[in-house]
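The structure under discussion appears below in the form of structure tokens.
The sequence lines fix the lettering, A, B, ..., with proteins before strands; numbering per chain opens at 1.
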Amino acid sequence: MRDIAIPKHFDSGSAQDRWYNYWEEKGYFKGSADSASEKYTIVIPPPNVTGVLTLGHVLNNTLQDILIRWQKMKGKEICWVPGTDHAGIATQSKVETYLKKEKNLTRYDLGREDFLEHVWEWKEKYGGRIIEQLRKLGVACDWERERFTLDDGLSDAVEDVFIKLYKKGLIYKGKRIINWCPKSRTALSDEEVIHKEEKGNLWHIKYPLANGNGELVVATTRPETMLGDTAVAVHPEDERYKDFIGKTIMLPIVKREIPVIADKFVDKEFGTGAVKVTPAHDPNDYGMGERHHLPMINVMNDDGTMNQAAGEEFNGLDRFKCRKILVEKLQKQGSLVKVEEHLHKVGYSERGNVPVEPRLSDQWFVKMKTLAEPALKVVADKKIKFYPERWTKTYNHWLENIKDWCISRQLWWGHRIPAYYCSGCGEIMVAKTQPEKCKKCHTKELHRDEDVLDTWFSSWLWPFSVFGWPHDNNDLKEFYPTNSLVTGPDIIFFWVARMIMAGLEFMDEIPFSEVYFTSIIRDEQGRKMSKSLNNSPDPLDVIDHYGADALRFSIIYIAPVGQDIKYSNEKCDIGKHFATKIWNAARFRLMQAPLSENWDSLENISTENLRDDDIWILSKLDKKVTELSDALTDFEFHKYAHDIYEFIWSEFCDWYIESAKSVFFKGSEPEKKTVFNVFDYAFSRILRLLHPIMPFLTEELYHEMGYVTEKDSIMLSPWPKVFNKKLKAQLQITDEKEKLVNNKFELISAARNIKSTYNIPNVQKTPFCIKPVDKKAEEFLCSDMSGLKTLLNAEMLTLIKDDSELDGPAPSSVSSLGSVYLPLRGVIDIEEEKKKLNKQEKELQALLKGINAKLSNENFVNRAPEKVVKREKERKIEFEEKLKRLNNMMNNL
RNA sequence: GGGCGAUUAGCUCAGUUGGCUAGAGCGUCACGUUUACACCGUGAAUGUCGCAGGUUCGAGUCCUGCAUCGCCCACCA
């Protein structure tokens, strides 16, 4: 054995920084448009610039990195564009909170310019954090291409798109009911509203007729909005209220006369069947307001307090405080009929976490219908494929029922809307730069729209804006459309669908052809990771403790297919132990001898020294190359991780290395040379197959082993290919050979089982006898007695033809290739032996019973595929034969 | 109210177009520091595949219904 100084464990900490810097310095992450190779492009889902790395990012970016590294090894010119998102509301509120806390200032105290300066400062200070953290994970992003959604180039794209859509009539400004967040004081899109089920009340309020002859009772969940009521609606066919239609109501408290209208929207069954109508504060009421030309009275300020229109008494009160006082007042004056408990859904602002207020307001919108149609078509036509496919249903449903997109936000942090208003005549002008004068009345007094655009209005352009669009260039030509998008299903509407629409509208081409939707990471109890629960581990701590490779591997290994992941740090042991296992396999190999000269080829291998076990591992490897490539092609990352784990641990380490030991320790030089060659070849391929998921470990070992050539990184080595027919024939790889070796291993397990039954330590060498089942088995076993002896840890191994050659009864077991005996005098425990053989007999009998039932069933024999029937017949013969041997053994006891 | 998903060994999950003797990791039990690895090895135990029907020669896999859990969407005040 060679005396070499390799530690027993992989030092992930030192390897990570070392290799990451190495790759970056060498420029291996860079994607060049000039390359002649086929391009493979991914754009990162840009994390919020203020964010910190979470396990969600770890999963998402590991998946992208697997794809990128795999494609690079397959010879593609890769380009993975990283970047961050300015995240309008999130960032602005973060900085506002900070300013309030540290300096007791609001954004209004500072004014727009000063405030934005503070946000930029904040961004410079903390914005790079998540990017730095991503590097620790080992991701192969082309950092020179890093983009930020508020960069000049991207802002340029945003303005361009706004102007284009405006000119096309797809962007318009209008007064609509929108979702208003009273905390952030901005409009929101429908998607930014989260509906939560809550226990509320249904207040029944008496509304008297103005003429004093009767009253209607209305039911409402938001009594404070009655201050803005401009009608009461009933169903036109509601017999109870027929006579009320057309009359007027005297609105309580407010003392305003409002009409009773008939509208089919009203559900006769719900509440009292009479609905108060507040067009300025409810989307449905707004609809009725339009249909019946009702006045629309906005009774609230932008911060959720009541305004003057609500009446002097309520002016300035918070909406919920107002509700309370108003209800008390109604009760006092006898207008409150009853209060019912009522379970209903309340819309909350995603960021502000307060109930949103439907509010009539002047906003900018994008007409979505025409954009949606082509987006539906490309997915229906499978030009874009979703994985898992079921998400197409969600996607279709949203696009088929799409509503106009409210894109203006009353914030300061974001892309300012490129619209200018004439102070004289109010004319709207949409342009990149401020026009000289009003195009209508020619006054020179113009002012720019104060609002900014929804953050997603820049993100939806991401796949082409990052490459310099709207300016024509080579990057855009070469890298767009991109290939795969990896993202969470929670942003199908926000981002994925909109990117598809934008790609088709502005580039006339799909933005990507495959979308992989990741799982959501939860804690062990299945709860969402959240700050308040403090159940969200910091990935950097995990990397410190287990290593980036271990984290990457484990998270993919435990991720169920299309389901949520239940994560706990301890699960990273899987990856860490796996890394150690591989590390020691390499260490063991280097302890034997230096690397084979011709490790990279099998063409010149001496076939006469090639053992069946060598052929076996090459055959397994060959199949694994196909399996793993297929798994990655189909985005079956979980399968990829499990398959390679199984292959390396069970097949390569447990069987092949153990088998190779007989040659390593006792073989002749030519024999050793051949086995080293096979080992080195196979191990180099193993490292390559593993590289996408464990980049640091594989790079380290690639160098340790000496696999590097002029190509000085595993990143540059090719993804393994399957053997061609000629090589397969030369290496004598056949399914039959593979099966024979499998059966040999089965026999070895049976032998070990005997030892274990008698509590003989595995380390203790014992004699074994094998009675081969036939001539062929005998020849096969004879071909490598030394290897067999090693695997059995046998002190002596004899092939026998008949039980009489044994010195009395011996513990035994049957296997496909033959019967195994442990001929140790005095060891046998007849009762124990009977028990064991009995159990085996019962199992076989049960199996045979099933098989016989099938084979004696005419329907089965006639209707089942020939292949299946044939197999059953073979199994029948095999089991009957085994059973016979077993019975013999029992008789001989 | 619609839609989607889940239900398989103590736990976390695999099980392709129906052909299985239902698997893996962790955990459990027994034996063991063998000359890669105790972050290891060898062996073992453990399942009415949520429930009820149906189709089929054959169902964990397909169909119908039900139950429980989870998610998404929807204007019932």
Side-chain angles (χ1 to χ4, degrees), chain A residues 1 6 8-10 195 202 218-222 225 233 265-267 269-278 282-287 342 344-345 358 388 390-391 393-394 397-398 401 489-490 492-493 520 524 526 550 557-568 570-571 573-574 576-592 634 636 638-639 642 645-646 650 653-654 657-658 661 664-665 749 752-765 793 843-844 846-847 850-851 854 857-865 867-869 871-872 875 879:
Chain A
M1 200 170 34
I6 303 178
K8 282 191 178 182
H9 299 275
F10 169 50
H195 296 274
L202 199 55
V218 300
T220 180
T221 53
R222 293 188 303 155
T225 60
F265 164 78
V266 179
D267 179 355
E269 309 303 319
F270 188 88
T272 60
V275 188
K276 59 188 275 311
V277 184
T278 324
D282 184 282
N284 300 313
D285 293 7
Y286 177 78
H342 182 60
H344 65 148
K345 294 268 174 94
R390 67 185 149 89
W391 291 111
K393 266 203 165 176
T394 308
H397 184 257
W398 186 72
N401 298 287
D490 50 330
I492 289 185
F493 311 141
I520 292 168
E524 270 199 304
Y557 187 89
I558 63 170
V561 187
Q563 294 299 121
D564 294 350
I565 298 174
K566 288 189 184 155
Y567 175 90
S568 66
E570 299 74 54
K571 287 187 177 162
D573 275 335
I574 300 169
K576 197 180 174 190
H577 295 176
F578 187 40
T580 306
K581 186 74 183 175
I582 299 161
W583 181 260
N584 278 290
R587 182 167 158 264
F588 173 64
R589 169 61 188 86
L590 290 175
M591 285 162 96
Q592 309 309 314
D634 298 335
E636 293 178 320
H638 175 277
K639 185 172 190 298
H642 279 260
Y645 183 91
E646 154 86 11
S650 310
C653 292
D654 288 349
I657 293 186
E658 289 309 317
K661 280 179 180 172
F664 289 174
F665 300 159
S749 291
R752 289 168 176 169
N753 185 315
I754 304 174
K755 259 178 149 175
S756 177
T757 308
Y758 288 93
N759 273 339
I760 300 167
N762 196 45
V763 64
Q764 187 181 318
K765 284 192 192 294
N793 199 26
E843 280 168 7
L844 278 172
L847 286 172
I851 292 168
K854 275 188 191 173
N857 180 343
E858 241 175 79
N859 280 325
F860 173 77
V861 179
N862 292 335
R863 296 195 201 186
K867 212 174 75 187
V868 177
V869 178
R871 224 190 102 230
E872 291 302 310
R875 290 193 336 140
F879 294 156

**Report entry** Pro761(A) side-chain proximity, nearest of C31(B), C13(B), A6(B)
**Finding:** C31(B)
Query raised in the report: Among the nucleotides U42(B), C39(B), A36(B), which one has an atom lying closest to any side-chain atom of Met591(A)?
Result: A36(B)
Query raised in the report: If you measure from the C1' atom in G41(B) to the same atom in U35(B), how many Å do you get, rounded?
Result: 14 Å
Report task. Calculate the interatomic distance between His344(A) atom NE2 and G1(B) atom P; express it in whole Å. Result -> 18 Å
Requested in this report: Looking at every strand, decide which applies to Val218(A) at a 4.0 Å heavy-atom threshold: base, sugar-phosphate, or nothing.
Outcome: nothing
Report task. Measure from CG on Asp634(A) to P on U16(B) and round the result to the nearest Å. Result -> 14 Å
Query raised in the report: What nucleotide, of A36(B), G43(B), A77(B), holds the atom closest to the side chain of Ser749(A)?
Result: G43(B)
Query - Side chain to side chain, Cys653(A) and Lys581(A), heavy atoms closer than 4.5 Å - result: yes
Requested in this report: Can you figure out which of A36(B), A24(B), G41(B) approaches the side chain of Tyr557(A) most closely?
Outcome: A24(B)
Requested in this report: Would you classify Phe879(A) as touching base, sugar-phosphate or nothing, given that sugar-phosphate means primed atoms plus P, OP1 and OP2, and contacts are heavy atoms under 4.0 Å?
Outcome: base
Query raised in the report: With both distances kept under 3.5 Å, what pairs with C69(B), Watson-Crick or G-U wobble?
Result: G5(B)
Query - Distance-only donor-acceptor test, Glu658(A) side-chain atoms vs A36(B) base atoms, 3.5 Å - result: yes
Report task. Round to a whole Å and report the spacing from OH of Tyr758(A) to C1' of A44(B). Result -> 15 Å
Query raised in the report: For C40(B), what is the paired nucleotide under Watson-Crick or G-U wobble rules, both distances under 3.5 Å?
Result: G32(B)
Query raised in the report: Is any side-chain N or O of His9(A) under 3.5 Å from a base N or O of C39(B), one able to act as donor and the other as acceptor?
Result: yes
Report task. Provide the Watson-Crick or G-U wobble partner of A52(B), both distances under 3.5 Å; none if there is no partner. Result -> U64(B)
Report task. For the side chain of Arg390(A), starting at C-beta, report the closest nucleotide among G5(B), G3(B), G15(B). Result -> G5(B)
Query raised in the report: Between U34(B), C73(B), C39(B), which nucleotide has the shortest distance from any of its atoms to the side chain of His577(A)?
Result: C39(B)
Query raised in the report: Closest to the Phe270(A) side chain: G25(B), C73(B), A77(B)?
Result: A77(B)
Query raised in the report: Is Ile558(A) touching bases, backbone alone, or none of the nucleic acid, heavy atoms closer than 4.0 Å?
Result: nothing
Query raised in the report: So does Lys8(A) get a side-chain nitrogen or oxygen closer than 4.0 Å to the phosphate oxygens (OP1/OP2) of C37(B)?
Result: yes
Query raised in the report: Looking only at N and O atoms, is any donor in the side chain of Lys581(A) or the base of C37(B) less than 3.5 Å from an acceptor on the other one?
Result: yes
**Report entry** Touch class at under 4.0 angstrom, heavy-atom based, for Pro560(A) against every strand present
**Finding:** sugar-phosphate
Report task. Using a 4.0 Å heavy-atom cut-off across all strands, classify His397(A) as base, sugar-phosphate, or nothing. Result -> sugar-phosphate
Query raised in the report: Does Phe665(A) reach the side chain of Gln592(A), with side-chain heavy atoms less than 4.5 Å apart?
Result: yes
**Report entry** 4.5 Å side-chain heavy-atom contact, Arg871(A) and Pro865(A)
**Finding:** no
Requested in this report: Could you tell me which nucleotide pairs with U12(B) by Watson-Crick or G-U wobble geometry, both distances under 3.5 Å, or answer none if nothing does?
Outcome: A24(B)
Query raised in the report: Under 4.0 angstrom, heavy atoms only, what part of the nucleic acid is Lys576(A) near: base, sugar-phosphate, or nothing?
Result: base
Report task. Using a heavy-atom cut-off of under 4.0 Å over every strand shown, decide if Asn753(A) touches base, sugar-phosphate, or nothing. Result -> sugar-phosphate
Query raised in the report: Does His342(A) make a side-chain N or O approach to OP1 or OP2 of A77(B) shorter than 4.0 Å?
Result: yes
Report summary line: Separation of C75(B) atom C1' from Phe265(A) atom CZ, nearest Å, is 5 Å
Query raised in the report: Does Lys661(A) reach the side chain of Glu658(A), with side-chain heavy atoms less than 4.5 Å apart?
Result: yes
Query raised in the report: Can Ser749(A) and Asn753(A) be counted as having a side-chain donor-acceptor contact under 3.5 angstrom?
Result: no
Query raised in the report: Separation of Asn284(A) atom CG from C75(B) atom P, in whole Å?
Result: 8 Å
Report task. Could you tell me whether Pro489(A) contacts a base, only the sugar-phosphate backbone, or nothing, with contacts defined as non-hydrogen atoms closer than 4.0 Å? Result -> nothing
Query raised in the report: Between C31(B), C37(B), A77(B), which nucleotide gets closest to the side-chain atoms of Asp267(A)?
Result: A77(B)
Requested in this report: Under 4.0 Å between any heavy atoms, over every strand shown, what does Asp654(A) touch: base, sugar-phosphate, or nothing? Just pick one.
Outcome: sugar-phosphate
Query raised in the report: Where each residue is assigned the nucleotide of RNA chain B containing its nearest heavy atom, which of Glu269(A) and Glu872(A) is assigned the position nearer the 5′ end?
Result: Glu872(A)
Report task. Would you indicate, yes or no, if G58(B) has its OP1 or OP2 atom less than 4.0 angstrom from a side-chain nitrogen or oxygen of Asn859(A)? Result -> no
Query raised in the report: Can you check whether Thr394(A) reaches Phe493(A) side chain to side chain, under 4.5 Å on heavy atoms?
Result: yes
**Report entry** Comparing Ala219(A) and Phe578(A) on RNA chain B - which has the more 5′ nearest nucleotide
**Finding:** Phe578(A)
Requested in this report: To the nearest Å, give me how far apart CZ (Arg587(A)) and P (A38(B)) are.
Outcome: 8 Å
**Report entry** Proximal nucleotide (of C73(B), C72(B), U34(B)) relative to the Lys345(A) side chain
**Finding:** C73(B)
Report task. Decide yes or no on side-chain hydrogen bond (donor to acceptor under 3.5 Å, both in side chains) for Lys276(A) and Thr225(A), but give the supporting numbers first. Result -> CA-CA 9 Å; Lys276(A) 59 188 275 311; Thr225(A) 60; 2.7 Å; yes
Query - Nearest-angstrom distance, C1' atom, U55(B) to G18(B) - result: 11 Å
Requested in this report: Measure the distance from CG on Leu590(A) to P on A36(B) and round it to the nearest whole Å.
Outcome: 14 Å
Requested in this report: Assign Lys661(A) to base, sugar-phosphate, or nothing according to its heavy-atom contacts below 4.0 angstrom with the strands shown.
Outcome: base
Requested in this report: Taking the side chain as every heavy atom from C-beta outward, state whether Leu590(A) and Ile6(A) have any pair of such atoms under 4.5 Å apart.
Outcome: yes
Requested in this report: For Arg875(A), answer base if it contacts any base atom (sugar-phosphate contacts may also be present), sugar-phosphate if it contacts only those atoms, and nothing otherwise; contact means non-hydrogen atoms under 4.0 Å.
Outcome: base
Report task. Compare the minimum distances between each of U12(B), G19(B), A77(B) and the side chain of Lys571(A), then state the nucleotide with the smallest one. Result -> U12(B)
Do any N or O atoms of the protein come closer than 3.5 Å to N or O atoms of nucleotides 61-63 of chain B, and which pairs are they?
none

Requested in this report: Find out whether Ile574(A) and Ile558(A) are in side-chain contact, i.e. whether some heavy atom of one side chain is under 4.5 Å from a heavy atom of the other.
Outcome: yes
Requested in this report: Using atom CD1 of Ile851(A) as one end and atom C1' of G58(B) as the other, report the distance to the nearest whole Å.
Outcome: 14 Å
